[in-house]
Amino acid sequence: SRRRHTRLQGDWSSDVCSSDLIKMAENPKAYQPAEAIPYFKKAYALDSNERYTRLFLARLVYMPQEKWDSARYYLEREVEINPTFSDTYADLAQVCVAQKDMAAAEKSILRFLDFKPRDQIYNNNLVLLYKDMGRYQDALARADTMMARGLEVNQGLYQSLSDSVKNQK
């Protein structure tokens, strides 16, 4: 049995923990019991400064259900309270893209990259975001920055961006 805290009961050392919450954490897309949601909301109501409750609500409840407004609400609360947790910006960028709020997605990715400038995935995501926004010069500049840092850039994508920049002139 795994030792986990049970925040709602105020017992931080108990072996008792909802098996539903464990299953949700292990595979959130396959396991979404509706009965767990009120417990997360109750935990949030009891202590809105409890970061894991906000992150569980966003990541394990609302994002898998594609309830983007709710996920964004909790992620934005996390950013306000704890602006140095980089992974929140990655999650927020994903939500903003799903909502087609590309300016907010860009801001979140850039903030994430402030903490992890050599992250391959989010550097690539930023290049692709700029490309999707038609900002080919910015995409090409980010790709150049990536290569200067020793990160990989898909050469087909790089050539496509170069061609797009030439065609814009």
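- You'll find the side chain of L161 stays beyond 4.5 Å of the side chain of Y130, heavy atoms only.
- Side chain of N82 to backbone of E78: no donor-acceptor contact under 3.5 angstrom is found.
- Scanning for salt bridge (charged side-chain N to carboxylate O under 4.0 Å, His left out) contacts around K107 gives an empty result, with sequence neighbours left out.
- Taking 4.5 Å as the limit, every side-chain heavy atom of L151 sits out of range of all side-chain heavy atoms of T145.
- A distance of 10.5 Å separates CG in L55 from CE in M63, rounded to the nearest 0.5 Å.
- When the salt bridge (charged side-chain N to carboxylate O under 4.0 Å, His left out) test is applied to D87, the partners found at least two apart in sequence or on another chain are K116.
- Residues satisfying the side-chain hydrogen bond (donor to acceptor under 3.5 Å, both in side chains) criterion with Y122, sequence neighbours excluded, are absent altogether.
- No side-chain donor-acceptor contact under 3.5 Å links N125 and Q94.
- Between T88 atom OG1 and E80 atom CD the span is 12.0 Å, to the nearest 0.5 Å.
- Shown here are the side-chain hydrogen bond (donor to acceptor under 3.5 Å, both in side chains) partners of D91, two or more places apart in sequence or in another chain: R59.
- The structure places CD of Q99 at 6.0 Å from SG of C96, a figure rounded to the nearest 0.5 Å.
- Under the side-chain hydrogen bond (donor to acceptor under 3.5 Å, both in side chains) criterion, K67 pairs with Q65, not counting sequence neighbours.
- Proximity of L157 to V127: side-chain heavy atoms (C-beta onward) are separated by under 4.5 Å at one or more points.
- With rounding to the nearest 0.5 Å, the separation of CZ in R111 from OG1 in T84 is 8.0 Å.
- In this structure, L140 is not a member of the same hydrophobic cluster as I109, with clusters built from ILVMFWY side-chain heavy atoms closer than 4.5 Å.
- By the side-chain hydrogen bond (donor to acceptor under 3.5 Å, both in side chains) test, D101 pairs with R72, sequence neighbours left out.
- For the salt bridge (charged side-chain N to carboxylate O under 4.0 Å, His left out) test, residues two or more places apart in sequence or in another chain that qualify with R135 are E106, D138.
- Between F115 and Y89, some side-chain heavy-atom pair lies under the 4.5 Å cut-off.
- Heavy atoms only, all atoms of each residue included: K131 and A139 are closest at N-CB, 4.0 Å.
- Cluster membership check: M102 shares its hydrophobic cluster with L75, using side-chain heavy-atom separations under 4.5 Å among Ile, Leu, Val, Met, Phe, Trp and Tyr.
- The line from CG of L113 to CE of M146 is 9.5 Å long, rounded to the nearest 0.5 Å.
- Smallest separation of non-hydrogen atoms from V153 and A143: CG2-O, 3.6 Å.
- Within the structure, every pair that satisfies the side-chain hydrogen bond (donor to acceptor under 3.5 Å, both in side chains) test and touches residues 149-158, not counting sequence neighbours, is listed here: D144-Y158.
- One hydrophobic cluster, built from ILVMFWY side chains closer than 4.5 Å, cannot hold both L128 and V97; they sit in different ones.
- In this structure, the side chains of Y74 and Y62 come closer than 4.5 Å at one or more pairs of heavy atoms.
- Looking at S160, its side chain never comes within 3.5 Å of a backbone N or O of G156 through a donor-acceptor pair.
- Hydrophobic clustering, with ILVMFWY side chains joined whenever heavy atoms are under 4.5 angstrom apart, groups L126 together with V95.
- Under the 4.5 Å side-chain heavy-atom criterion for ILVMFWY residues, no single connected hydrophobic cluster contains both Y136 and M133.
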